[in-house]
Amino acid sequence: MTEGQRQGDNIYQVSTFSALLDGVFEGEVPFSVVKKHGDFGIGTFNKLDGEMLAVDGEFYHLQGDGTIKEVKEGEKTPFAAVTFFNPSLTYRIQENGTMEHIEQFISSILPSENLFYSIRITGSFRSMKTRTVSKQEPPYSSMTDVVEEQNVSTFKDCKGTIVGFYTPQYVQGLAVAGYHLHFISEDKQGGGHIFDFEIESGTVEIGEHANLQFVLPKTKEFLEADLMHGNMAEEIEKTEG
Ligand SMILES: CC(=O)[C@@H](C)O
(Lines give C-alpha, C1' and ligand atoms only; values in the text may rest on other atoms or scores of the structure.)
Protein backbone atom coordinates (compact mmCIF):
# COMPACT_ATOMS: atom_id res chain seq x y z
CA MET A 1 0.00 0.00 0.00
CA THR A 2 1.44 3.40 -0.96
CA GLU A 3 1.73 6.24 1.52
CA GLY A 4 -1.04 7.92 -0.46
CA GLN A 5 -3.30 4.89 -0.21
CA ARG A 6 -2.55 4.57 3.53
CA GLN A 7 -3.45 8.22 3.96
CA GLY A 8 -6.41 7.70 1.62
CA ASP A 9 -8.59 7.15 4.66
CA ASN A 10 -7.70 10.57 6.03
CA ILE A 11 -9.30 13.91 5.16
CA TYR A 12 -7.11 16.92 5.92
CA GLN A 13 -9.17 20.08 6.34
CA VAL A 14 -8.04 23.66 6.91
CA SER A 15 -10.40 25.61 9.19
CA THR A 16 -14.19 25.26 9.18
CA PHE A 17 -16.87 26.29 6.72
CA SER A 18 -18.65 28.25 9.47
CA ALA A 19 -15.55 30.45 9.76
CA LEU A 20 -15.79 31.17 6.04
CA LEU A 21 -19.47 32.05 6.52
CA ASP A 22 -18.37 34.53 9.19
CA GLY A 23 -15.95 36.25 6.80
CA VAL A 24 -12.72 34.62 7.99
CA PHE A 25 -11.20 34.80 4.51
CA GLU A 26 -7.50 34.65 5.41
CA GLY A 27 -5.66 31.53 6.53
CA GLU A 28 -2.05 30.68 7.35
CA VAL A 29 -1.66 27.31 5.59
CA PRO A 30 0.05 27.45 2.18
CA PHE A 31 -0.89 25.02 -0.56
CA SER A 32 2.69 23.69 -0.42
CA VAL A 33 1.59 22.14 2.91
CA VAL A 34 -1.94 21.20 1.76
CA LYS A 35 -0.44 19.23 -1.12
CA LYS A 36 1.44 17.02 1.33
CA HIS A 37 -1.92 15.78 2.65
CA GLY A 38 -3.76 15.00 -0.53
CA ASP A 39 -3.96 14.87 -4.31
CA PHE A 40 -7.73 15.44 -4.45
CA GLY A 41 -10.07 18.03 -2.96
CA ILE A 42 -11.74 21.43 -2.94
CA GLY A 43 -11.44 24.78 -1.23
CA THR A 44 -10.75 28.45 -1.77
CA PHE A 45 -7.93 30.99 -1.48
CA ASN A 46 -7.12 33.86 0.87
CA LYS A 47 -9.41 36.85 0.32
CA LEU A 48 -11.95 34.31 -1.02
CA ASP A 49 -10.13 34.67 -4.34
CA GLY A 50 -11.89 31.95 -6.34
CA GLU A 51 -12.46 28.20 -6.03
CA MET A 52 -9.85 25.45 -5.65
CA LEU A 53 -10.11 22.01 -7.25
CA ALA A 54 -7.47 19.30 -6.97
CA VAL A 55 -7.55 16.05 -8.92
CA ASP A 56 -4.80 13.56 -9.79
CA GLY A 57 -2.36 15.68 -7.84
CA GLU A 58 -2.97 18.79 -9.97
CA PHE A 59 -4.23 21.85 -8.05
CA TYR A 60 -6.29 24.36 -10.03
CA HIS A 61 -7.28 27.95 -9.22
CA LEU A 62 -10.73 28.64 -10.70
CA GLN A 63 -10.81 32.42 -10.64
CA GLY A 64 -13.68 34.82 -10.18
CA ASP A 65 -13.45 35.93 -13.84
CA GLY A 66 -13.96 32.31 -14.99
CA THR A 67 -10.35 31.68 -16.01
CA ILE A 68 -8.24 28.86 -14.56
CA LYS A 69 -4.58 28.80 -13.56
CA GLU A 70 -2.34 26.46 -11.61
CA VAL A 71 -2.13 27.06 -7.86
CA LYS A 72 1.11 28.73 -6.74
CA GLU A 73 2.82 26.84 -3.89
CA GLY A 74 2.99 29.95 -1.68
CA GLU A 75 -0.70 30.75 -1.97
CA LYS A 76 -2.61 30.25 1.28
CA THR A 77 -6.10 29.03 2.05
CA PRO A 78 -8.76 29.90 4.64
CA PHE A 79 -10.63 26.67 3.83
CA ALA A 80 -9.65 23.51 1.96
CA ALA A 81 -10.31 19.78 2.28
CA VAL A 82 -8.04 17.20 0.61
CA THR A 83 -7.31 13.49 0.66
CA PHE A 84 -5.25 10.99 -1.30
CA PHE A 85 -8.09 9.73 -3.51
CA ASN A 86 -8.44 5.97 -3.08
CA PRO A 87 -11.93 4.96 -4.24
CA SER A 88 -13.45 1.72 -2.94
CA LEU A 89 -16.72 2.01 -4.90
CA THR A 90 -17.13 2.59 -8.65
CA TYR A 91 -20.37 2.86 -10.65
CA ARG A 92 -21.14 3.56 -14.31
CA ILE A 93 -23.90 6.04 -15.10
CA GLN A 94 -25.52 5.07 -18.39
CA GLU A 95 -28.50 7.39 -18.50
CA ASN A 96 -29.29 11.07 -18.05
CA GLY A 97 -29.55 12.29 -14.51
CA THR A 98 -29.88 15.60 -12.72
CA MET A 99 -27.68 16.58 -9.78
CA GLU A 100 -30.57 15.67 -7.47
CA HIS A 101 -30.91 12.21 -9.03
CA ILE A 102 -27.17 11.51 -8.82
CA GLU A 103 -26.96 12.68 -5.21
CA GLN A 104 -29.94 10.47 -4.33
CA PHE A 105 -28.27 7.53 -6.11
CA ILE A 106 -24.97 8.06 -4.31
CA SER A 107 -26.74 8.44 -0.95
CA SER A 108 -28.50 5.13 -1.63
CA ILE A 109 -25.20 3.27 -2.05
CA LEU A 110 -23.10 4.88 0.68
CA PRO A 111 -22.30 2.26 3.37
CA SER A 112 -23.25 4.76 6.10
CA GLU A 113 -24.53 8.35 6.16
CA ASN A 114 -22.40 8.83 9.27
CA LEU A 115 -18.98 8.64 7.58
CA PHE A 116 -17.27 11.02 5.17
CA TYR A 117 -16.82 10.20 1.47
CA SER A 118 -14.73 11.64 -1.37
CA ILE A 119 -16.61 11.74 -4.67
CA ARG A 120 -15.24 11.86 -8.22
CA ILE A 121 -17.57 11.85 -11.22
CA THR A 122 -15.94 11.84 -14.65
CA GLY A 123 -18.21 12.11 -17.64
CA SER A 124 -20.24 13.97 -20.24
CA PHE A 125 -22.66 16.57 -19.08
CA ARG A 126 -25.65 17.99 -20.94
CA SER A 127 -25.39 21.04 -18.69
CA MET A 128 -23.21 22.20 -15.81
CA LYS A 129 -23.97 25.31 -13.72
CA THR A 130 -21.13 26.62 -11.57
CA ARG A 131 -20.05 29.75 -9.73
CA THR A 132 -16.69 31.22 -8.84
CA VAL A 133 -16.42 33.66 -5.95
CA SER A 134 -14.38 36.82 -6.48
CA LYS A 135 -11.47 38.27 -4.52
CA GLN A 136 -12.57 40.35 -1.51
CA GLU A 137 -10.83 43.17 0.32
CA PRO A 138 -10.96 43.85 4.08
CA PRO A 139 -12.98 44.72 6.07
CA TYR A 140 -14.64 41.50 4.90
CA SER A 141 -18.39 40.99 4.65
CA SER A 142 -20.02 37.68 5.54
CA MET A 143 -20.02 35.06 2.81
CA THR A 144 -23.80 35.36 2.47
CA ASP A 145 -23.28 39.02 1.51
CA VAL A 146 -20.37 38.17 -0.83
CA VAL A 147 -22.40 35.68 -2.87
CA GLU A 148 -24.99 38.36 -3.64
CA GLU A 149 -22.64 39.09 -6.53
CA GLN A 150 -20.90 36.06 -8.03
CA ASN A 151 -19.81 34.86 -11.46
CA VAL A 152 -22.23 32.09 -12.50
CA SER A 153 -21.48 30.05 -15.63
CA THR A 154 -23.55 27.44 -17.45
CA PHE A 155 -21.72 24.97 -19.71
CA LYS A 156 -23.62 22.96 -22.32
CA ASP A 157 -22.60 19.52 -23.70
CA CYS A 158 -19.24 19.41 -21.95
CA LYS A 159 -16.89 16.76 -20.61
CA GLY A 160 -15.15 17.11 -17.29
CA THR A 161 -14.66 15.99 -13.72
CA ILE A 162 -16.61 16.60 -10.53
CA VAL A 163 -14.53 16.60 -7.35
CA GLY A 164 -15.85 16.89 -3.82
CA PHE A 165 -17.05 15.36 -0.62
CA TYR A 166 -20.10 14.00 1.17
CA THR A 167 -20.25 15.23 4.79
CA PRO A 168 -22.67 13.88 7.43
CA GLN A 169 -25.46 16.16 8.62
CA TYR A 170 -24.23 15.99 12.23
CA VAL A 171 -21.18 18.12 11.37
CA GLN A 172 -23.02 20.86 9.47
CA GLY A 173 -20.81 23.94 9.69
CA LEU A 174 -17.58 22.07 10.21
CA ALA A 175 -17.92 21.51 6.47
CA VAL A 176 -20.88 21.66 4.06
CA ALA A 177 -23.24 18.86 5.15
CA GLY A 178 -24.39 16.72 2.24
CA TYR A 179 -22.58 17.14 -1.07
CA HIS A 180 -20.01 19.86 -1.70
CA LEU A 181 -18.84 19.54 -5.28
CA HIS A 182 -16.59 21.47 -7.66
CA PHE A 183 -16.20 20.96 -11.43
CA ILE A 184 -13.42 21.40 -13.98
CA SER A 185 -13.90 20.92 -17.71
CA GLU A 186 -11.81 18.38 -19.58
CA ASP A 187 -10.04 21.19 -21.47
CA LYS A 188 -9.34 22.95 -18.11
CA GLN A 189 -10.96 26.09 -19.50
CA GLY A 190 -13.90 26.34 -17.13
CA GLY A 191 -15.42 25.26 -13.86
CA GLY A 192 -16.28 26.25 -10.31
CA HIS A 193 -18.48 25.40 -7.35
CA ILE A 194 -21.40 23.34 -8.66
CA PHE A 195 -24.96 24.62 -8.33
CA ASP A 196 -26.58 22.08 -10.69
CA PHE A 197 -25.84 19.71 -13.55
CA GLU A 198 -27.42 17.15 -15.87
CA ILE A 199 -25.16 14.21 -16.63
CA GLU A 200 -25.42 12.20 -19.85
CA SER A 201 -23.05 9.38 -18.90
CA GLY A 202 -20.05 8.90 -16.67
CA THR A 203 -18.31 7.09 -13.85
CA VAL A 204 -18.82 7.68 -10.13
CA GLU A 205 -15.93 6.80 -7.81
CA ILE A 206 -16.30 6.97 -4.04
CA GLY A 207 -13.70 6.84 -1.26
CA GLU A 208 -14.64 6.23 2.37
CA HIS A 209 -13.12 8.22 5.25
CA ALA A 210 -13.23 7.67 8.99
CA ASN A 211 -10.15 9.72 9.86
CA LEU A 212 -10.13 13.48 9.79
CA GLN A 213 -7.46 16.02 10.60
CA PHE A 214 -8.65 19.59 11.17
CA VAL A 215 -6.11 22.41 11.20
CA LEU A 216 -7.73 25.40 12.93
CA PRO A 217 -6.23 28.87 12.46
CA LYS A 218 -4.90 30.70 15.52
CA THR A 219 -5.56 34.04 13.89
CA LYS A 220 -7.39 36.79 15.81
CA GLU A 221 -10.16 36.66 13.19
CA PHE A 222 -10.77 32.93 13.69
CA LEU A 223 -10.41 33.01 17.48
CA GLU A 224 -13.01 35.80 17.68
CA ALA A 225 -15.32 34.49 14.93
CA ASP A 226 -18.94 33.53 15.58
CA LEU A 227 -18.95 29.87 14.48
CA MET A 228 -22.39 29.06 15.81
CA HIS A 229 -24.69 30.90 13.43
CA GLY A 230 -28.26 30.18 14.50
CA ASN A 231 -29.39 29.65 10.91
CA MET A 232 -26.30 27.78 9.70
CA ALA A 233 -28.17 25.46 7.33
CA GLU A 234 -30.01 28.36 5.69
CA GLU A 235 -26.81 30.36 5.30
CA ILE A 236 -24.97 27.39 3.75
CA GLU A 237 -27.92 26.78 1.42
CA LYS A 238 -27.64 30.44 0.32
CA THR A 239 -23.86 30.38 -0.24
CA GLU A 240 -23.47 26.83 -1.59
CA GLY A 241 -26.82 26.45 -3.34
C1 LIG B 1 -14.92 26.96 -0.18
C2 LIG B 1 -15.85 26.87 -1.32
O3 LIG B 1 -15.99 25.84 -1.94
C4 LIG B 1 -16.62 28.05 -1.71
C5 LIG B 1 -15.77 29.30 -1.81
O6 LIG B 1 -17.27 27.81 -2.96
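- For Y179 (side chain) and S107 (main-chain N/O), a donor-acceptor pair under 3.5 Å exists by modelled atom type.
- Side-chain atoms of Q104 never come within 3.5 Å of backbone atoms of I102 as a donor-acceptor pair (strictly under, hydrogens ignored).
- Within the 3.5 Å criterion, the main-chain N or O of I194 finds no donor-acceptor partner in the side chain of T130.
- For E186, the side chain to side chain contact (heavy atoms under 4.5 Å, CB included) criterion is met by K159, not counting sequence neighbours.
- Aromatic ring orientation, H61 versus F45: parallel (interplanar angle below 30°, classes split at 30° and 60°).
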As a quick check of understanding, evaluate side-chain contact (heavy atoms from CB on, under 4.5 Å) for Y166 and L110, giving each step before the final call. CA-CA 10 Å; Y166 164 86; L110 293 181; 3.8 Å; yes
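- In this structure, F105 has its ring center closer than 6.0 angstrom to the ring center of Y91.
- Between the side chain of H37 and the main chain of I11, no donor-acceptor pair closer than 3.5 Å is present.
- Between K35 and E73 there is a salt bridge, since at least one side-chain N of the basic residue sits less than 4.0 Å from a carboxylate O of the acidic one.
- At a cut-off of 3.5 Å, with distance as the only test, a side-chain donor of E26 or Y140 sits close to an acceptor on the other residue.
- Judged purely by atom type and a 3.5 angstrom limit, Y170 uses its side chain to pair as donor or acceptor with the backbone of N114.
- Under the rule for a salt bridge (charged side-chain N to carboxylate O under 4.0 Å, His left out), K76 has no partner lying at least two apart in sequence or in another chain.
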Is there a side-chain contact (heavy atoms from CB on, under 4.5 Å) between S15 and F222? Walk through the geometry before answering. CA-CA 9 Å; S15 192; F222 180 85; 3.7 Å; yes
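- Residues K238 and E148 are paired through a salt bridge, judged by an N-O separation under 4.0 Å between the basic side chain and the carboxylate.
- Not one N or O on the side chain of T144 forms a donor-acceptor pair closer than 3.5 Å with the backbone of E235.
- Side-chain atoms of Q136 and V146, non-hydrogen and from C-beta on, do get closer than 4.5 Å to each other.
- Among residues at least two apart or in separate chains, salt bridge (charged side-chain N to carboxylate O under 4.0 Å, His left out) pairs with a member in residues 43-52 are K47-E137, E51-R131.
- F17 and F214 fall into different hydrophobic clusters, where Ile, Leu, Val, Met, Phe, Trp and Tyr side chains are chained together by heavy-atom contacts under 4.5 Å.
- A heavy-atom distance below 4.5 Å is found between the side chains of I206 and I109.
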Evaluate I93 against T203 for side-chain contact (heavy atoms from CB on, under 4.5 Å), listing each step before the verdict. CA-CA 6 Å; I93 297 171; T203 301; over 6 Å; no
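- A side-chain donor-acceptor contact under 3.5 Å links D9 to the backbone of A210.
- In this structure, E75 contributes its side chain and K72 its backbone to a donor-acceptor pair below 3.5 Å.
- Aromatic rings from F125 and F155 are positioned such that their centres are separated by 6.0 Å or more.
- Minimum interatomic distance between P30 and G74 (heavy atoms only, all atoms of both residues): CB-O, 4.1 Å.
- Side-chain atoms of D56 never come within 3.5 Å of backbone atoms of E58 as a donor-acceptor pair (strictly under, hydrogens ignored).
- Counting only heavy atoms from C-beta outward, the side chains of D39 and F85 approach each other to under 4.5 Å.
- Although no hydrogens or angles enter the test, the distance criterion places no donor-acceptor pair under 3.5 Å between the side chain of S141 and the main chain of D145.
- Aromatic pair F116/H209: centroids not less than 6.0 angstrom apart.
- In this model, no donor atom of one side chain and acceptor atom of the other lie less than 3.5 Å apart for T167 and H180.
- F79 is not listed as a side-chain neighbour of V24, based on a closest heavy-atom distance of 4.5 Å or more.
- Side-chain polar atoms of T67 and Q63 form a donor-acceptor pair below 3.5 angstrom.
- Using a 4.5 Å cut-off on side-chain heavy atoms (C-beta onward), N96 and E198 make contact.
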Dump the intermediate steps for side-chain contact (heavy atoms from CB on, under 4.5 Å) on Q213 and N10, then the final yes or no. CA-CA 7 Å; Q213 178 183 355; N10 185 63; 4.0 Å; yes
